[in-house]
Amino acid sequence: MKTLSIIFVLSLTCVLARAQDTITYLFFGSEFDENAVKAFESDSGYHFFGSTGARGQSDVYIVEINKDLSNSKFKVIGTSALELMTDVVALPGDNYVICNQYYSGFGSTGFDVQLIVLNDDLDIERTTVIEKNGSDKPIQIFYENGFIYLLSEALEEESSSDRFQISVFDSLLNRINTFSIQSSDSILNLTISVDSFIYVGATTRAQDSSHSDISIFKLNQTGLLINSQSIGLNDDEQVSSVLVLNDTNLLVTGSSNSVYDEDFDSYIALLDTDLNFQWEEIHGWNPNVNNRDDFGVMTLWNQGKYFLGLTTNTYGAGKSDFHVYELKSNGSFTKGNSFGLKENEALKHISITSDTNLLLFGNSANGNIGQNDFFAVLSPLELSPKPINEYVYSDSLDIQLSLDDERVNKTQVVELGKVDNGIAHFYLSNEKPTRYFVSDLSGRQIQSGTIDSELFKFPIVTSGFYIFSFENEQGMRSTFKLGVFN
């Protein structure tokens with residue numbers, strides 16, 4: 001595939017809290033589709049990794065931007081073959097290893113796994129292609145103590161015990177060992193984390209069950225199973241990431257529909273490294289909004305708090321947004337921030353920078369560059385609640401509550417006014433009784449009641465995001481997101 005020549009960058013900065021608390025939105029893209037994978041802080045700035053392509057072609061796509069966001073470079077790594085990046089891992093000294101699903105074209109027996117080592121100038125230092133009969137897909141790559149761990153799937157071995165494998169390489173990409181992940185249950189997807197042991201998080205389904213669980217396997221460095229544990233509730237759970245914390249605990253992030261079976265909510269659990277269960281929490285269920293999904297992506301630990309990144313389809317002007325929840329040490333919800341714009345966003349990676357900012361990375365249809373662009377957000381880790389001033393952010397100012405019944409032509413319009421002295425003003429188009437429900441960003445209901453007048457005043461004590469649902473006499477609801485900040 002040819003190197004892209006048309007590249008456009010849009011940077012938008014919004015001040016939402018104190019003057020020094022700046023949330024920055026960055027778009028990177030081409031006229032083609034970009035697929036975000038991971039973002040890293042480097043010595044000089046930030047590196048954003050993913051793929052770009054169109055019409056069945058794909059290349060590695062890297063964006064480098066300096067710390068003050070004033071200068072950016074773009075690099076496309078590709079040949080006439082297909083290189084679809086699935087993961088990337090940072091090595092010491094701003095070096096990286098990229099793993100791609102690779103297809104060389106004519107004469108190839110299927111998809112292979114390609115590994116590329118980049119130096120600190122993001123130039124190729126070495127590369128290798130792992131060829132097998134049939135097709136392989138790289139899932140994840142991990143670096144620990146000088147070794148590279150590759151998790152891959154044999155796409156044509158769905159019922160085989162060798163379907164999922166871990167291969168271990170040295171820094172020169174010499175393969176040292178390969179072993180399969182064995183389970184008596186069907187494995188639907190996997191993720192890994194490594195310290196002195198290898199921890200595998202798997203979405204599994206027992207042969208006689210219609211529900212999936214999260215299984216954790218602890219392996220030694222030769223692939224021998226040391227211990228295993230199954231976690232989850234009474235319905236479907238699926239895993240997205242596993243993180244080893246300080247060699248003592250294992251933090252599991254995923255999604256669950258066990259609380260409300262019509263949608264998925266974000267799921268987080270803590271185990272010790274012997275796989276003894278500690279606690280689990282589910283966030284995102286709102287009893288007033290049905291059949292919308294909140295998918296947990298990754299959870300980080302910093303300064304005694306958890307930060308859960310998720311993609312939500314429940315709120316926002318678009319179909320999906322980025323959310324980050326701040327959780328207490330027991331996993332309970334404290335507060336949250338929303339970073340969605342008017343189009344769709346999908347979170348792929350979350351990290352915390354050296355200057356204590358959240359770095360969120362994913363895809364967005366908001367950049368108006370290509371169909372799907374890189375979307376990055378830099379946000380202060382701490383947005384402490386303060387007394388309310390008169391700044392309001394909302395997905396919509398006109399909330400329509402309409403009836404589908406053609407025999408009844410009624411519309412209740414709810415208009416959001418300003419916030420004055422900590423009180424949000426809502427104006428209703430008529431005096432028809434209207435129910436309201438107010439929840440925090442995680443879906444936990446704070447207050448509910450009935451509105452009997454054309455003016456509804458709601459006091460907001462602290463800064464943050466709130467979810468408002470309004471319901472008319474016939475049970476029709478409209479839900480939107482309101483953020484009020486200093």
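Residue-environment remark: NZ (Lys137) stays at or below the threshold of 12 foreign heavy atoms within 6.0 Å. Remark: Tyr466 OH is packed, more than 12 non-hydrogen atoms of other residues, nucleotides or ligands lying under 6.0 Å away.
The OG atom of Ser42 sits 10.5 Å away from atom CD1 of Ile65, with the distance rounded to the nearest 0.5 Å. A distance of 11.0 Å separates OH of Tyr325 from CG of Asn337, quoted to the nearest 0.5 Å. The distance from the CD atom of Glu153 to the OG atom of Ser135 is 11.0 Å, given to the nearest 0.5 Å. Distance check, rounded to the nearest 0.5 Å: CG of Asp33 to CG of Asn372 gives 5.5 Å. Atom OG1 of Thr52 is separated from atom CD1 of Ile77 by 13.0 Å, given to the nearest 0.5 angstrom. Atoms CG and CD1, from Asp213 and Ile231 in turn, are 9.0 Å apart once rounded to the nearest 0.5 Å.
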Review point. Can you list the steps and then say if Gln114 with Thr127 is a side chain to side chain contact (heavy atoms under 4.5 Å, CB included)?
Key: CA-CA 7 Å; Gln114 180 189 46; Thr127 184; 3.8 Å; yes
Practice item. Using the side chain to side chain contact (heavy atoms under 4.5 Å, CB included) rule, take Asp136 and Ile130 through it: C-alpha gap first, then chi angles, then the decisive distance, then the call. Key: CA-CA 9 Å; Asp136 274 16; Ile130 305 168; 5.7 Å; no
Exercise for review: Before giving the answer on side chain to side chain contact (heavy atoms under 4.5 Å, CB included), spell out for Gln278 and Asp272 the whole-Å C-alpha distance, their side-chain angles and the decisive distance to 0.1 Å.
Suggested key: CA-CA 7 Å; Gln278 305 294 308; Asp272 65 24; 3.7 Å; yes
Exercise for review: List the steps and the verdict of side chain to side chain contact (heavy atoms under 4.5 Å, CB included) for Val88 and Val60.
Suggested key: CA-CA 11 Å; Val88 55; Val60 172; over 6 Å; no
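Of all heavy-atom pairs between Ser183 and Thr204, the closest is OG-CG2, 4.5 Å. Closest approach of Gly93 and Asp120 over heavy atoms only: O-CB, 3.4 Å. The shortest non-hydrogen separation linking Thr86 to Pro138 is OG1-O, 3.1 Å. When every heavy atom of Leu188 is checked against every heavy atom of Ser212, the shortest pair comes out as CD1-CB, 4.1 Å. Among all heavy-atom pairs drawn from Asp170 and Ile148, the shortest one is O-CD1, 3.7 Å. The two residues Trp279 and Gly331 have their closest heavy-atom pair at CH2-CA, 3.5 Å.
Panel note: side chain Glu41, backbone Ser354; a donor-acceptor pair is recorded below 3.5 Å. The backbone N or O of Asp236 lies less than 3.5 Å from no partner atom in the side chain of Arg205, so there is not a single donor-acceptor pair. Looking at Asn363, its side chain does come within 3.5 Å of a backbone N or O of Glu34 through a donor-acceptor pair. Side chain of Thr312 to backbone of Asp294: no donor-acceptor contact under 3.5 angstrom is found. Under the 3.5 Å distance criterion, the side-chain polar atoms of Thr191 are left unmatched by any main-chain donor or acceptor of Ser241. Within the 3.5 Å criterion, the main-chain N or O of Val239 finds a donor-acceptor partner in the side chain of Asn189. Remark: side-chain polar atoms of Ser320 are paired, donor with acceptor, to backbone N or O of Glu345 under 3.5 angstrom. Distance alone, capped at 3.5 Å, is enough to place a donor-acceptor pair between the Asn227 side chain and the Asp274 backbone. Using a distance-only test at 3.5 Å, with no hydrogens or angles considered, no donor-acceptor pair links the side chain of Ser167 to the main chain of Leu150. Looking at Gln140, its side chain does come within 3.5 Å of a backbone N or O of Ile192 through a donor-acceptor pair.
In this view, Phe295 and Phe264 satisfy the ring-ring contact (aromatic ring centres under 6.0 Å, His included) rule, not counting sequence neighbours. When the side chain to side chain donor-acceptor pair (under 3.5 Å) test is applied to Asp87, the partners found at least two apart in sequence or on another chain are Lys38. With sequence neighbours left out, the salt bridge (Lys or Arg N to Asp or Glu O under 4.0 Å) criterion links Asp123 to Lys75. By the salt bridge (Lys or Arg N to Asp or Glu O under 4.0 Å) test, Lys73 is found to be paired with no residue, residues two or more places apart in sequence or in another chain being considered. The side chain to side chain donor-acceptor pair (under 3.5 Å) check on Asn145 picks up nothing, with sequence neighbours excluded. Residues passing the ring-ring contact (aromatic ring centres under 6.0 Å, His included) test with Tyr96, sequence neighbours excluded: Phe40, His47, Phe49. For Phe142, there are no ring-ring contact (aromatic ring centres under 6.0 Å, His included) partners two or more places apart in sequence or in a different chain. In this view, Gln238 satisfies the side chain to side chain donor-acceptor pair (under 3.5 Å) rule with no residue, not counting sequence neighbours. Contacts of Phe375 classified as ring-ring contact (aromatic ring centres under 6.0 Å, His included), with partners at least two apart in sequence or in another chain: Tyr25, Phe27, Phe322.
You'll find the side chain of Ser351 stays beyond 4.5 Å of the side chain of Phe361, heavy atoms only. The closest side-chain heavy-atom distance from Leu233 to Ile282 is below 4.5 Å. Side-chain contact between Lys67 and Tyr46 is present, with at least one heavy-atom pair separated by less than 4.5 Å. At least one side-chain heavy atom of Ile176 sits under 4.5 Å from a side-chain heavy atom of Phe147. Here the side chains of Leu82 and Ser58 are in contact, with some heavy-atom distance below 4.5 Å. Using a 4.5 Å cut-off on side-chain heavy atoms (C-beta onward), Asn357 and Thr24 make no contact. Looking at heavy atoms from C-beta onward, Leu219 lies in side-chain contact with Phe179 at the 4.5 angstrom threshold. Contact of the Ile352 side chain with the Leu359 side chain is not registered, since no non-hydrogen atoms from C-beta on lie closer than 4.5 Å.
With hydrogens and angles left out, the side-chain atoms of Gln221 and Tyr149 include a donor and acceptor closer than 3.5 Å. Side-chain polar atoms of Asn100 and Glu83 form no donor-acceptor pair below 3.5 angstrom.
Listed by first and then second residue, the salt bridge (charged side-chain N to carboxylate O under 4.0 Å, His left out) pairs that reach into residues 173-196 come to none, sequence neighbours excluded.
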Enumerate, atom names and distances included, each donor-acceptor pair closer than 3.5 Å involving a side-chain atom of residues 242-253, sequence neighbours excluded.
residue	atom	partner	partner atom	Å
Thr248	OG1	Leu245	O	3.3
Thr253	OG1	Thr299	N	3.2
Thr253	OG1	Thr299	OG1	2.7

Please list every donor-acceptor pair under 3.5 Å in which a side-chain atom of residues 300-311 meets a protein atom from a residue at least two apart or in another chain.
residue	atom	partner	partner atom	Å
Lys305	NZ	Glu382	OE2	2.7
Thr311	OG1	Leu347	N	2.8

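In this pair, Phe28 and Phe374 present their aromatic rings perpendicular. The plane angle is above 60°, beyond the 30 to 60° band.
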